[in-house]
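Worksheet: the structure to be examined is printed underneath.
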Amino acid sequence: MSPATLTDMATAVLQTADAHEKAALSRQSAALWFAARRGETPEIPIGTASPPLDPARPGKPALLDPREVPRRRPGSPEGREALLHAVAHIELNAVDLHWDIIARFGGHVPFPMGFFDDWVKSADEESKHFQLVTACLEATGSFYGDLPAHAGMWRAAADTAGDIMGRLAVVPMVLEARGLDVTPGMIEVFRKAGDPAAVQAVEALEVIYAEEVHHVAYGSKWFHFLCGRHDTDPKDAFHRLVRTYFHGPLKPPFNAEKRAEAGLPPDFYWPLSESGSVG
Ligand SMILES: [Fe+2]
Ligand SMILES: [Fe+2]
(Lines give C-alpha, C1' and ligand atoms only; values in the text may rest on other atoms or scores of the structure.)
(Ligands and ions follow the chains in the order given, each with its own letter.)
Protein backbone atom coordinates (compact mmCIF):
# COMPACT_ATOMS: atom_id res chain seq x y z
CA MET A 1 0.00 0.00 0.00
CA SER A 2 1.42 3.39 -0.90
CA PRO A 3 -1.06 6.05 0.17
CA ALA A 4 -0.54 9.50 -1.29
CA THR A 5 -1.64 11.49 1.74
CA LEU A 6 -2.69 11.07 5.37
CA THR A 7 -6.26 12.13 4.58
CA ASP A 8 -6.36 9.45 1.83
CA MET A 9 -5.18 6.86 4.35
CA ALA A 10 -7.88 8.00 6.78
CA THR A 11 -10.56 7.81 4.09
CA ALA A 12 -9.46 4.28 3.13
CA VAL A 13 -10.02 3.12 6.73
CA LEU A 14 -13.47 4.77 6.75
CA GLN A 15 -14.36 3.02 3.49
CA THR A 16 -13.36 -0.46 4.74
CA ALA A 17 -16.51 -2.36 5.73
CA ASP A 18 -15.14 -5.52 7.35
CA ALA A 19 -14.47 -4.78 11.03
CA HIS A 20 -11.25 -6.79 11.39
CA GLU A 21 -9.91 -5.49 8.08
CA LYS A 22 -10.75 -1.94 9.18
CA ALA A 23 -8.85 -2.40 12.44
CA ALA A 24 -5.87 -3.98 10.65
CA LEU A 25 -5.71 -1.25 7.99
CA SER A 26 -5.94 1.36 10.74
CA ARG A 27 -2.95 -0.11 12.58
CA GLN A 28 -0.97 -0.48 9.35
CA SER A 29 -1.72 3.14 8.39
CA ALA A 30 -0.60 4.37 11.81
CA ALA A 31 2.66 2.41 11.48
CA LEU A 32 3.27 4.00 8.05
CA TRP A 33 2.57 7.47 9.42
CA PHE A 34 4.94 7.12 12.35
CA ALA A 35 7.69 5.56 10.20
CA ALA A 36 7.48 8.66 8.00
CA ARG A 37 7.41 10.98 11.02
CA ARG A 38 10.59 9.33 12.36
CA GLY A 39 12.20 9.99 8.98
CA GLU A 40 12.56 6.30 8.10
CA THR A 41 10.35 6.68 5.00
CA PRO A 42 9.45 9.69 2.82
CA GLU A 43 7.22 12.34 4.37
CA ILE A 44 3.46 11.78 3.98
CA PRO A 45 1.62 15.03 3.17
CA ILE A 46 -1.72 15.75 4.90
CA GLY A 47 -3.64 16.41 1.66
CA THR A 48 -7.39 16.97 1.55
CA ALA A 49 -10.15 14.39 1.26
CA SER A 50 -13.91 14.08 0.90
CA PRO A 51 -14.69 11.26 3.31
CA PRO A 52 -18.12 9.59 3.23
CA LEU A 53 -20.64 11.05 5.72
CA ASP A 54 -21.11 7.54 7.15
CA PRO A 55 -18.23 5.06 7.34
CA ALA A 56 -18.57 1.61 5.75
CA ARG A 57 -19.60 -1.04 8.29
CA PRO A 58 -19.96 -4.82 8.21
CA GLY A 59 -23.35 -6.46 7.47
CA LYS A 60 -23.42 -7.74 11.06
CA PRO A 61 -24.09 -6.77 13.85
CA ALA A 62 -27.67 -5.74 13.18
CA LEU A 63 -28.02 -2.13 14.33
CA LEU A 64 -31.08 -1.50 16.50
CA ASP A 65 -32.59 1.45 18.29
CA PRO A 66 -31.07 1.41 21.81
CA ARG A 67 -34.54 0.69 23.28
CA GLU A 68 -34.80 -2.47 21.16
CA VAL A 69 -31.43 -3.96 22.13
CA PRO A 70 -32.30 -6.94 24.40
CA ARG A 71 -31.11 -6.56 27.98
CA ARG A 72 -29.32 -9.45 29.66
CA ARG A 73 -28.88 -9.95 33.37
CA PRO A 74 -25.66 -8.16 34.41
CA GLY A 75 -23.32 -10.56 36.17
CA SER A 76 -24.46 -13.60 34.14
CA PRO A 77 -22.14 -15.03 31.43
CA GLU A 78 -24.66 -13.77 28.84
CA GLY A 79 -24.61 -10.34 30.44
CA ARG A 80 -20.82 -10.22 30.30
CA GLU A 81 -20.85 -11.32 26.66
CA ALA A 82 -23.33 -8.53 25.87
CA LEU A 83 -21.13 -6.03 27.71
CA LEU A 84 -18.02 -7.06 25.74
CA HIS A 85 -19.99 -6.94 22.52
CA ALA A 86 -21.16 -3.42 23.32
CA VAL A 87 -17.57 -2.36 24.08
CA ALA A 88 -16.33 -3.89 20.79
CA HIS A 89 -18.99 -1.87 18.98
CA ILE A 90 -17.92 1.33 20.74
CA GLU A 91 -14.24 0.67 19.89
CA LEU A 92 -14.99 0.04 16.21
CA ASN A 93 -16.98 3.25 16.14
CA ALA A 94 -14.03 5.00 17.81
CA VAL A 95 -11.65 3.78 15.07
CA ASP A 96 -13.85 5.55 12.53
CA LEU A 97 -14.30 8.64 14.73
CA HIS A 98 -10.56 9.21 15.01
CA TRP A 99 -9.82 8.75 11.31
CA ASP A 100 -12.86 10.88 10.47
CA ILE A 101 -11.42 13.88 12.37
CA ILE A 102 -8.28 13.57 10.23
CA ALA A 103 -10.07 12.95 6.93
CA ARG A 104 -12.80 15.55 7.39
CA PHE A 105 -10.90 18.45 8.94
CA GLY A 106 -7.26 17.60 8.22
CA GLY A 107 -6.71 19.48 5.02
CA HIS A 108 -9.22 22.24 5.73
CA VAL A 109 -8.33 23.51 9.21
CA PRO A 110 -4.63 24.33 9.66
CA PHE A 111 -3.04 22.41 12.53
CA PRO A 112 0.51 21.77 13.73
CA MET A 113 1.78 18.25 13.00
CA GLY A 114 1.23 17.29 16.65
CA PHE A 115 -2.51 17.31 16.00
CA PHE A 116 -2.14 14.55 13.40
CA ASP A 117 0.27 12.56 15.56
CA ASP A 118 -2.24 12.61 18.43
CA TRP A 119 -5.21 11.43 16.36
CA VAL A 120 -3.26 8.79 14.44
CA LYS A 121 -1.95 7.43 17.76
CA SER A 122 -5.49 7.41 19.20
CA ALA A 123 -6.88 5.72 16.09
CA ASP A 124 -4.19 3.05 16.40
CA GLU A 125 -5.08 2.52 20.06
CA GLU A 126 -8.81 2.26 19.27
CA SER A 127 -7.99 -0.42 16.70
CA LYS A 128 -5.96 -2.29 19.31
CA HIS A 129 -8.87 -1.96 21.77
CA PHE A 130 -11.22 -3.47 19.18
CA GLN A 131 -8.80 -6.34 18.63
CA LEU A 132 -8.34 -6.94 22.38
CA VAL A 133 -12.08 -6.98 23.06
CA THR A 134 -12.98 -9.16 20.08
CA ALA A 135 -10.28 -11.62 21.21
CA CYS A 136 -12.09 -11.76 24.59
CA LEU A 137 -15.40 -12.43 22.82
CA GLU A 138 -13.80 -15.14 20.71
CA ALA A 139 -12.31 -16.78 23.82
CA THR A 140 -15.89 -17.40 25.00
CA GLY A 141 -17.05 -18.75 21.62
CA SER A 142 -18.71 -15.48 20.57
CA PHE A 143 -17.65 -12.90 18.00
CA TYR A 144 -18.34 -9.29 16.99
CA GLY A 145 -21.58 -9.40 15.00
CA ASP A 146 -23.08 -12.23 17.08
CA LEU A 147 -25.43 -9.85 18.93
CA PRO A 148 -27.30 -6.74 17.84
CA ALA A 149 -25.69 -3.38 18.57
CA HIS A 150 -26.82 0.19 19.12
CA ALA A 151 -27.64 2.18 16.02
CA GLY A 152 -27.06 5.89 16.09
CA MET A 153 -23.55 5.88 17.50
CA TRP A 154 -22.40 7.87 14.51
CA ARG A 155 -24.89 10.63 15.27
CA ALA A 156 -22.38 12.77 17.18
CA ALA A 157 -20.02 12.60 14.19
CA ALA A 158 -22.72 13.42 11.66
CA ASP A 159 -24.05 16.33 13.74
CA THR A 160 -20.57 17.87 14.01
CA ALA A 161 -19.36 17.11 10.46
CA GLY A 162 -19.09 20.85 9.77
CA ASP A 163 -17.72 22.03 13.12
CA ILE A 164 -14.31 20.91 14.37
CA MET A 165 -14.80 22.58 17.77
CA GLY A 166 -18.20 20.90 18.16
CA ARG A 167 -16.60 17.58 17.23
CA LEU A 168 -13.83 17.95 19.84
CA ALA A 169 -16.30 19.08 22.51
CA VAL A 170 -18.76 16.22 21.96
CA VAL A 171 -16.59 13.25 20.96
CA PRO A 172 -13.44 13.22 23.10
CA MET A 173 -14.55 15.65 25.82
CA VAL A 174 -18.07 14.24 26.39
CA LEU A 175 -18.36 10.71 24.97
CA GLU A 176 -14.82 9.48 25.62
CA ALA A 177 -14.80 11.22 29.02
CA ARG A 178 -17.95 9.21 29.84
CA GLY A 179 -15.87 6.09 29.14
CA LEU A 180 -13.55 7.14 32.00
CA ASP A 181 -16.60 7.30 34.31
CA VAL A 182 -18.00 3.85 33.48
CA THR A 183 -14.96 1.66 32.77
CA PRO A 184 -13.97 1.00 36.42
CA GLY A 185 -17.47 -0.45 37.02
CA MET A 186 -17.08 -2.71 33.99
CA ILE A 187 -13.68 -3.91 35.20
CA GLU A 188 -15.32 -4.81 38.54
CA VAL A 189 -17.99 -6.93 36.77
CA PHE A 190 -15.28 -9.08 35.16
CA ARG A 191 -13.06 -9.14 38.23
CA LYS A 192 -15.95 -10.61 40.26
CA ALA A 193 -16.56 -13.32 37.64
CA GLY A 194 -12.95 -14.49 37.98
CA ASP A 195 -12.90 -17.21 35.25
CA PRO A 196 -10.03 -17.19 32.69
CA ALA A 197 -12.12 -15.40 30.04
CA ALA A 198 -13.07 -12.73 32.58
CA VAL A 199 -9.42 -12.30 33.60
CA GLN A 200 -8.59 -11.66 29.93
CA ALA A 201 -11.40 -9.08 29.82
CA VAL A 202 -10.06 -7.33 32.94
CA GLU A 203 -6.65 -7.03 31.26
CA ALA A 204 -8.17 -5.65 28.05
CA LEU A 205 -10.32 -3.13 29.91
CA GLU A 206 -7.35 -1.96 31.99
CA VAL A 207 -5.42 -1.18 28.78
CA ILE A 208 -8.45 0.68 27.44
CA TYR A 209 -8.92 2.62 30.69
CA ALA A 210 -5.29 3.76 30.75
CA GLU A 211 -5.18 4.81 27.10
CA GLU A 212 -8.56 6.55 26.97
CA VAL A 213 -7.30 9.20 29.40
CA HIS A 214 -4.95 10.36 26.62
CA HIS A 215 -7.75 10.53 24.06
CA VAL A 216 -9.75 12.84 26.30
CA ALA A 217 -6.58 14.86 26.96
CA TYR A 218 -5.92 15.25 23.21
CA GLY A 219 -9.50 16.48 22.80
CA SER A 220 -9.07 19.02 25.57
CA LYS A 221 -5.63 20.11 24.31
CA TRP A 222 -6.76 20.79 20.73
CA PHE A 223 -10.05 22.32 21.85
CA HIS A 224 -8.09 24.81 23.97
CA PHE A 225 -5.69 25.38 21.08
CA LEU A 226 -8.57 26.39 18.80
CA CYS A 227 -10.12 28.56 21.51
CA GLY A 228 -6.77 30.36 21.79
CA ARG A 229 -6.62 30.83 18.04
CA HIS A 230 -10.12 32.36 18.02
CA ASP A 231 -9.67 34.24 21.32
CA THR A 232 -12.69 32.42 22.78
CA ASP A 233 -13.26 31.48 26.43
CA PRO A 234 -12.90 27.65 26.47
CA LYS A 235 -15.45 26.96 29.21
CA ASP A 236 -18.16 29.13 27.62
CA ALA A 237 -17.47 27.66 24.17
CA PHE A 238 -17.60 24.12 25.55
CA HIS A 239 -20.96 24.72 27.25
CA ARG A 240 -22.42 26.33 24.13
CA LEU A 241 -21.20 23.56 21.79
CA VAL A 242 -22.29 20.67 24.01
CA ARG A 243 -25.75 22.25 24.39
CA THR A 244 -25.92 22.62 20.60
CA TYR A 245 -24.73 19.17 19.58
CA PHE A 246 -25.23 16.79 22.52
CA HIS A 247 -28.73 15.65 23.31
CA GLY A 248 -29.51 15.52 27.03
CA PRO A 249 -27.66 16.27 30.27
CA LEU A 250 -24.33 14.68 31.25
CA LYS A 251 -24.75 11.88 33.77
CA PRO A 252 -22.93 11.83 37.10
CA PRO A 253 -21.13 10.23 38.86
CA PHE A 254 -18.10 11.71 37.12
CA ASN A 255 -14.59 10.31 37.45
CA ALA A 256 -13.15 13.62 38.68
CA GLU A 257 -9.61 12.24 39.10
CA LYS A 258 -9.23 10.84 35.56
CA ARG A 259 -11.10 13.78 34.05
CA ALA A 260 -8.66 16.15 35.77
CA GLU A 261 -5.74 14.08 34.48
CA ALA A 262 -7.20 14.56 30.99
CA GLY A 263 -7.53 18.34 31.38
CA LEU A 264 -11.27 18.48 32.09
CA PRO A 265 -12.03 20.58 35.19
CA PRO A 266 -15.38 20.19 37.04
CA ASP A 267 -16.67 23.59 35.93
CA PHE A 268 -16.65 22.23 32.34
CA TYR A 269 -18.94 19.25 32.94
CA TRP A 270 -20.97 19.82 36.12
CA PRO A 271 -23.00 22.76 34.72
CA LEU A 272 -24.12 20.43 31.90
CA SER A 273 -25.41 17.73 34.30
CA GLU A 274 -29.01 17.40 35.51
CA SER A 275 -28.27 19.37 38.67
CA GLY A 276 -26.65 22.11 36.60
CA SER A 277 -24.10 23.10 39.22
CA VAL A 278 -20.75 21.92 40.49
CA GLY A 279 -21.50 19.05 42.91
FE1 LIG B 1 -10.96 2.84 22.95
FE1 LIG C 1 -10.71 6.60 22.75
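In listed order, ligands and their atoms are each counted from 1. Residue numbers start at 1 and run along the sequence shown.
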If you consider just the N/O/S atoms, which atom of Glu126 is the closest one to the Fe ion (ligand 2)? OE2
Could you check, using the six-membered ring where one of them is a Trp, whether Phe130 and His20 have ring centers closer than 6.0 angstrom? yes
Scan Thr160, Asp159, Asp163 and name whichever one has a side chain to side chain donor-acceptor pair (under 3.5 Å) with Tyr245. Asp163
Please find the N/O/S atom of Glu176 nearest to the Fe ion (ligand 2) and write down its name. OE2
Relative to the Fe ion (ligand 1), which of the N, O or S atoms in His129 is the closest? ND1
Classify the ring geometry of Phe115 against Phe111: parallel below 30°, tilted from 30° to 60°, perpendicular beyond 60°. parallel
Parallel, tilted or perpendicular: which describes the rings of Tyr218 and Trp119, with under 30° parallel and over 60° perpendicular? perpendicular
Name of the His215 atom (N/O/S only) found closest to the Fe ion (ligand 2): ND1
So, His215 versus Tyr209, ring centres under 6.0 angstrom or not? no
Is the Fe ion (ligand 2) less than 2.8 Å from an N/O/S atom of Glu212, whether that atom is in the backbone or a side chain? yes
Is the Fe ion (ligand 1) under 2.8 Å from any N, O or S atom of Glu91? yes
